[in-house]
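A short write-up of the structure that comes next.
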Amino acid sequence: SGILSVVLLMSGMSALSSTIPISIIHAQNANPRLAGMASSLVMGLSFAMGAVTATPFGILADNVGIENATSLPLILPILAGFTALSLKTD
């Protein structure tokens, strides 16, 4: 169970991290004159969201256990997939 949890956690982290370059490209295409600002904003917001959610997930892990707390974010890739379906194609 321990090794499987680590493998699943790392695959989830990889799946979530793999979307950052795509988000940067979309942001730069949306505002090509300020491409540097757009990519900095996307990266800054992604790091800020990690910092903001670290404490609540830590509190959740203290209250319900680490196994249950790490199972909750498994929903995020599914939500991201549905959100990606709403993006317009070129």
Side-chain angles (χ1 to χ4, degrees):
S1 169
I3 292 175
L4 178 62
S5 297
V6 171
V7 169
L8 291 175
L9 181 65
M10 292 182 75
S11 1
M13 289 175 10
S14 297
L16 291 173
S17 297
S18 66
T19 63
I20 292 174
I22 297 167
S23 299
I24 290 173
I25 297 296
H26 278 290
Q28 289 175 340
N29 287 338
N31 197 352
R33 290 182 1 154
L34 299 171
M37 184 205 60
S39 61
S40 298
L41 187 63
V42 168
M43 291 297 294
L45 287 174
S46 67
F47 289 131
M49 287 305 298
V52 166
T53 58
T55 301
F57 275 115
I59 293 170
L60 182 67
D62 288 341
N63 291 326
V64 300
I66 190 73
E67 294 87 9
N68 294 329
T70 54
S71 297
L72 182 65
L74 294 175
I75 297 170
L76 295 176
I78 296 168
L79 294 175
F82 285 124
T83 304
L85 292 174
S86 70
L87 295 174
K88 63 179 181 178
T89 57
D90 291 333

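Note that the structure is a prediction, hence the values are computed from the model and not measured.
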Heavy-atom pair with the smallest gap, counting every atom of P21 and S18: CD-O, 3.4 Å
Atom pairs and distances, donor-acceptor, side-chain atoms in residues 67-79, under 3.5 Å, two or more places apart:
residue : atom : partner : partner atom : Å
N68     : ND2  : V64     : O            : 3.0
T70     : OG1  : I66     : O            : 2.9
T70     : OG1  : E67     : O            : 3.2
S71     : OG   : E67     : O            : 2.8

Least distance between heavy atoms, S39 atom then Q28 atom: CB-NE2, 3.6 Å
Members besides M43 in its Ile/Leu/Val/Met/Phe/Trp/Tyr cluster (side-chain heavy atoms under 4.5 Å): I20, I24, V42, F47
Hydrophobic cluster partners of M13 (side-chain heavy atoms under 4.5 Å): L9
Among all residues two or more places apart in sequence or in another chain, which pass the side-chain contact (heavy atoms from CB on, under 4.5 Å) test with L45? L41
Holding to side-chain contact (heavy atoms from CB on, under 4.5 Å), I want the full list of residues that pass it with L34, two or more places apart in sequence or in another chain. N31, M37
